[in-house]
Amino acid sequence: MKKLSKIFFLTLISCLCANAQVSIEKALEDAKINDIIKTNDSAFLLVRIISGLEANISFERNVNIMRHQARIIKDLTKRLENETEDAKKEALRIKIRQEEDRFQANNQLMVNGYGFSVTRQYRPVYIKTVVSELLSDKEMSELKNDDGQDLNILKIFNKDGKNYHQLYEVNGIKENEELQTFLRAKLARKQDLEDLRNKLAATTDPQQQLDLIEKIKTAEQAFKQSDVSINERYKVPPNKSASIDAELTKLFLVLTPEELIKIEAQKTLEAQKK
């Protein structure tokens with residue numbers, strides 16, 4: 001099975017040097033499907049513009065499903081490597097084949113729907129993002145927030161069975177990259193916390209356990225502070241859970257040098273025919 005590409009690890013704009021960012025932002029905003037953006041010895045082909053909150057949430061949900069399936073296959077493969085009984089080995093092989101078939105079928109759906117394949121690398125460019133607050137059942141039934149202010153029903157949406165109310169729009173590439181910086185820092189702190197918890201679960205040394213417990217407390221505080229910083233920056237009320245969802249995204253495929261040569265040659269040929 002091919003490795004699932006980490007399409008949200010870095011946005012395209014974050015891969016650029018500071019001097020190039022100002023001049024490239026307009027090109028990214030103006031880019032149309034099949035346009036190529038070149039920078040820093042790399043080339044990116046715009047393969048999809050995902051427009052609308054629902055469409056972006058659906059795309060992110062589908063990518064997360066693929067990631068979850070990839071983890072299942074990885075875990076099953078590891079279990080197979082460690083298994084010694086022939087009968088259990090065969091059962092695991094059958095299960096892995098079934099999961100791989102599901103994975104490849106879903107990958108084809110992603111190719112058809114978004115021009116996205118797990119075998120390739122992508123860079124998203126976020127043009128518009130919405131920051132929302134999670135609504136309680138009471139707020140939803142009364143259509144008023146905890147402060148008694150009326151909620152705008154046009155800004156209420158449902159995601160994964162929960163209701164949210166849009167509070168703040170982040171518009172423009174530069175502003176969205178600042179938001180992504182916040183989110184990457186939060187993700188890094190979450191990963192640090194998970195790593196520490198895994199180490200604690202794996203050790204039996206009393207002193208190491210004490211040290212790790214203290215480190216976990218510090219990491220938990222840092223992780224909570226990430227939420228506080230995001231809420232303060234994007235006007236989410238204190239003690240409210242925030243949801244951050246893209247509303248307009250441009251998905252760029254990272255081209256190989258060979259692909260770039262082929263595409264440009266084809267465009268030149270088509271221009272000569274006109």
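Owing to the predicted nature of the structure, the values given are computational and were not obtained by experimental measurement.
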Verify, without hydrogens or angle tests, whether [X] (side chain) and [Y] (backbone) share a donor-acceptor contact under 3.5 angstrom.
| X | Y | answer |
| --- | --- | --- |
| D147 | Q149 | no |
| S117 | R120 | no |
| E139 | S136 | yes |
| S141 | K138 | yes |
| T203 | K199 | no |
| N107 | V118 | yes |
| N176 | I127 | yes |
| Q208 | D205 | no |

Which value, rounded to the nearest 0.5 Å, describes the distance between [X] atom [atom1] and [Y] atom [atom2]?
| X | Y | atom1 | atom2 | value |
| --- | --- | --- | --- | --- |
| F103 | I65 | CZ | CD1 | 12.0 Å |
| K190 | D227 | NZ | CG | 10.5 Å |
| I216 | E194 | CD1 | CD | 11.5 Å |

State which residues pass side chain to side chain donor-acceptor pair (under 3.5 Å) with N64; sequence neighbours excluded, sorted by chain then number. none
Residues passing the side chain to side chain donor-acceptor pair (under 3.5 Å) test with E29, sequence neighbours excluded, are none
Which atom of [X] lies closest to which atom of [Y], heavy atoms considered:
| X | Y | answer |
| --- | --- | --- |
| L80 | K89 | CD1-O, 3.5 Å |
| L196 | A219 | CD1-CB, 3.8 Å |
| L179 | V170 | CD2-CG2, 4.1 Å |
| I156 | H165 | CG1-CD2, 3.8 Å |
| N231 | A242 | OD1-CB, 3.7 Å |
| T129 | D245 | CG2-O, 3.3 Å |

Under 4.0 Å between a Lys/Arg side-chain N and an Asp/Glu carboxylate O for [X] and [Y]?
| X | Y | answer |
| --- | --- | --- |
| K78 | E83 | no |
| E270 | K267 | no |
| D192 | K215 | no |
| E220 | R197 | yes |
| K240 | E133 | yes |

If you count heavy atoms of other groups shown closer than 6.0 angstrom to [atom1] of [X], is the number above 12?
| X | atom1 | result |
| --- | --- | --- |
| N239 | CG | no |
| I153 | CD1 | no |
| K159 | NZ | yes |

Please test N171 against E175 for side-chain hydrogen bond (donor to acceptor under 3.5 Å, both in side chains), starting from the C-alpha separation and ending with a verdict. CA-CA 6 Å; N171 292 292; E175 292 77 8; over 6 Å; no
Using the test ring-ring contact (aromatic ring centres under 6.0 Å, His included), find all partners of F157 that sit at least two apart in sequence or belong to another chain. Y164
Residue pairs involving residues 30-42 (criterion salt bridge (charged side-chain N to carboxylate O under 4.0 Å, His left out); sequence neighbours excluded): K26-D30, K38-E264
Go through the structure and list residues passing salt bridge (Lys or Arg N to Asp or Glu O under 4.0 Å) with E90, not counting sequence neighbours. R93, R97
With sequence neighbours excluded, give me every side-chain hydrogen bond (donor to acceptor under 3.5 Å, both in side chains) pair touching residues 43-59. N56-T249
V125 and F44, any side-chain heavy atoms less than 4.5 Å apart: no
The test is salt bridge (Lys or Arg N to Asp or Glu O under 4.0 Å); show your working for K174 and E178 and say whether it passes. CA-CA 6 Å; K174 181 179 179 181; E178 291 175 356; 5.1 Å; no
Is there a path of hydrophobic side-chain contacts, each under 4.5 Å between heavy atoms of I, L, V, M, F, W or Y residues, that connects V130 with L135? no
Report yes if the distance between the aromatic ring centroids of Y122 and F116 is under 6.0 Å, otherwise no. yes
